[in-house]
Amino acid sequence: MNERYSRQVILNGFGSMGQDKIANAKVLVIGVGGLGCPALQYLAAAGVGTLGLIDGDVVSLSNLHRQLLFTTNDIGKLKIDVATENLTALNPEVSLKPYPFFITQINILNILKEYDVIIDGTDNFETRYLINDACVLLKKPLIFAAVSAYEGQLAIFNIFDENGIITNYRDIFPIPPASGEIPNCSENGVIGVLPGIIGTMQAAEAIKLLTGIGKPLINKLLNYNLLQQSFYEIELSPGSVNSYEIPKDETSFLNAKFGFSKNKETYRVIEIDIDELQNINKENDTILIDVREVYEIPQLNQENYKQFPMSNFEKLVNENLVQTNIVLICQHGIRSLAAAEQLHEKYGTAKNIYSLKGGIARWKHFFTSQK
Amino acid sequence: MEINILSFGKIAEFITINRLDTDEIFDTDGLKQQLEKTYPQLKEIKYKLALNKQIVQKNIELLPGDVVAIMPPFSGG
């Protein structure tokens with residue numbers, strides 16, 4: 001028996017069967033914030049076989065009171081990078097799949113298809129409805145949670161209960177609130193320990209679903225109040241037939257309106273290999289941007305090359321690049337992809353934005369032989 | 001008839017009562033109308049009712065002693 005999991009494997013009802021189920025499972029955590037951090041920590045520690053994590057944000061000082069995967073030294077770093085490093089240290093047996101960008105209407109379906117259980121740890125309604133509808137379309141179990149001030153909500157959607165009933169978030173709130181109607185954490189505040197509790201409960205529900213132990217919160221909405229230390233559980237049922245509509249196929253999903261104001265074309269970043277990079281480099285109108293920190297090696301000596309470290313990413317966003325082709329590079333192709341997504345938001349289709357897949361590490365021979 | 005009221009999130013900031021004594025309300029639709037009249041802020045936001053811990057998906061008759069929860073959506077994470 002693997003000693004790492006011995007204390008849960010000896011549990012009645014869990015056993016090595018339960019551990020095997022967890023080890024074979026693929027769980028995606030969307031949003032590495034107040035909810036996502038604790039969910040990821042416990043799921044990684046429990047030995048979930050494949051753990052996907054998706055977030056395009058960097059660590060900021062105001063995150064630290066509730067996002068305990070990060071420390072003060074991590075401010076400015078990509079959340080995905082720090083989380084991947086710390087979760088690997090916590091449990092190297094878990095296969096981590098980091099996605100260093102935000103989930104969008106374009107990328108969500110392909111990513112979700114890879115996973116058995118989806119955990120929503122995002123912080124805005126647009127993305128929450130996007131995730132809900134994608135999960136309904138793909139029939140993926142969704143562990144939903146949200147917090148505000150001192151209260152939290154938790155539910156599992158898209159699984160038939162023993163009575164054959166299945167519900168989703170739109171059965172509670174059919175139509176997304178208008179912007180400003182309901183305040184978010186940055187406007188309304190949140191006590192740090194609250195998402196810690198609720199995110200940990202999401203991990204608990206995922207483990208219950210995967211192993212089949214206990215009673216998961218299927219078709220139930222759990223309201224938690226930290227100040228009262230009280231729980232209030234509501235039984236859910238489907239809403240009336242015409243109260244909402246969810247896209248029935250992938251084409252209508254891609255064409256549906258989720259309130260994202262940006263043109264979806266702007267989310268398209270192209271990942272390239274070294275041959276494509278060389279071809280693009282032949283065009284005069286190309287700049288190679290290295291987003292690694294200045295101390296990272298090997299140092300490069302390329303033509304049309306400029307360094308914009310990720311720790312000062314604002315500088316790159318504020319710079320008006322004249323070239324049409326922008327190729328972003330970093331050590332492993334993760335930070336550069338996140339940077340590329342952000343630049344796409346700025347330039348839209350006006351520029352061709354690329355990220356070198358695998359980064360300098362994969363094409364080391366090419367970069368070092370150029371010196 | 002006396003109904004118990006449980007308010008959540010932002011709604012608890014303006015609906016501070018936990019009991020409603022009325023002879024004019026007979027069902028959940030009537031209760032909604034009455035609440036939105038007394039608390040106009042409620043009309044401005046999305047919310048859902050639960051009656052005796054069951055989500056309300058259509059108009060349901062109210063009985064004395066019923067517990068009605070009023071819940072807004074949360075987005076924070």
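Computation of the quantities below employed the complete heavy-atom set of this structure, encompassing side-chain atoms and omitting hydrogens, waters and symmetry-equivalent molecules. Predicted model, so just to flag it, every value in this text is computed and none were measured. In what follows, chains are A, B, ... by sequence order, proteins preceding strands, each numbered from 1.
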Would you indicate whether the side-chain heavy atoms of A:Ile207 and A:Leu43 approach each other to under 4.5 Å? yes
Does any N or O in the side chain of B:Glu2 come within less than 3.5 Å of the main-chain N or O of B:Leu20, such that one atom is a donor and the other an acceptor? no
Tell me, side chain or backbone of A:Ser237 under 4.5 Å from chain B's heavy atoms, or both, or neither? both
Please state whether the side chain, the backbone, both or neither of A:Ile198 comes within less than 4.5 Å of a heavy atom of chain B. neither
Identify which part of B:Lys46 has an atom lying under 4.5 Å from any heavy atom of chain A, answering side chain, backbone, both or neither. both
Under 4.5 Å from any heavy atom of chain B, what part of A:Tyr150 do you find: side chain, backbone, both or neither? neither
May I ask you to decide whether A:Arg170 forms a salt bridge with A:Asp133, counting only side-chain N to carboxylate O separations under 4.0 Å? yes
Residue part contacting chain B, namely of A:Glu151, when any heavy atom lies under 4.5 Å: both
Does any backbone or side-chain atom of A:Asp120 lie under 4.5 Å from a heavy atom of chain B? Answer side chain, backbone, both or neither. neither
If you count heavy-atom pairs under 4.5 Å between each of A:Gly31, A:Ser240, A:Gly152 and chain B, which one has the most? A:Gly152
Determine the option with the most heavy-atom pairs under 4.5 angstrom with chain B, choosing from A:Gly121, A:Gly239, A:Gly33. A:Gly239
Against chain A, label B:Glu44 side chain, backbone, both or neither, depending on which of its atoms sit under 4.5 Å from a heavy atom there. backbone
Pick from A:Gly36, A:Ser243, A:Pro238, A:Gly199 with the largest number of heavy-atom pairs that fall under 4.5 Å of chain B: A:Pro238
Can you tell which part of A:Phe173 gets under 4.5 Å to a heavy atom of chain B, answering side chain, backbone, both or neither? side chain
Just wondering, more than 12 heavy atoms not from B:Glu36 lying within 6.0 Å of its CD? yes
Does B:Asn18 reach the side chain of B:Asn4, with side-chain heavy atoms less than 4.5 Å apart? no
Please confirm whether A:Tyr129 and A:Phe258 have ring centers closer than 6.0 angstrom. no
Identify the heavy atoms of A:Pro141 and A:Asn158 that sit nearest to each other, and give their distance. CA-CB, 4.2 Å
Best-contacting candidate, B:Asn52, B:Ile55, B:Leu6, against chain A by heavy atom pairs under 4.5 angstrom: B:Ile55
Within 6.0 Å of CZ in A:Phe160, more than 12 heavy atoms from elsewhere: no
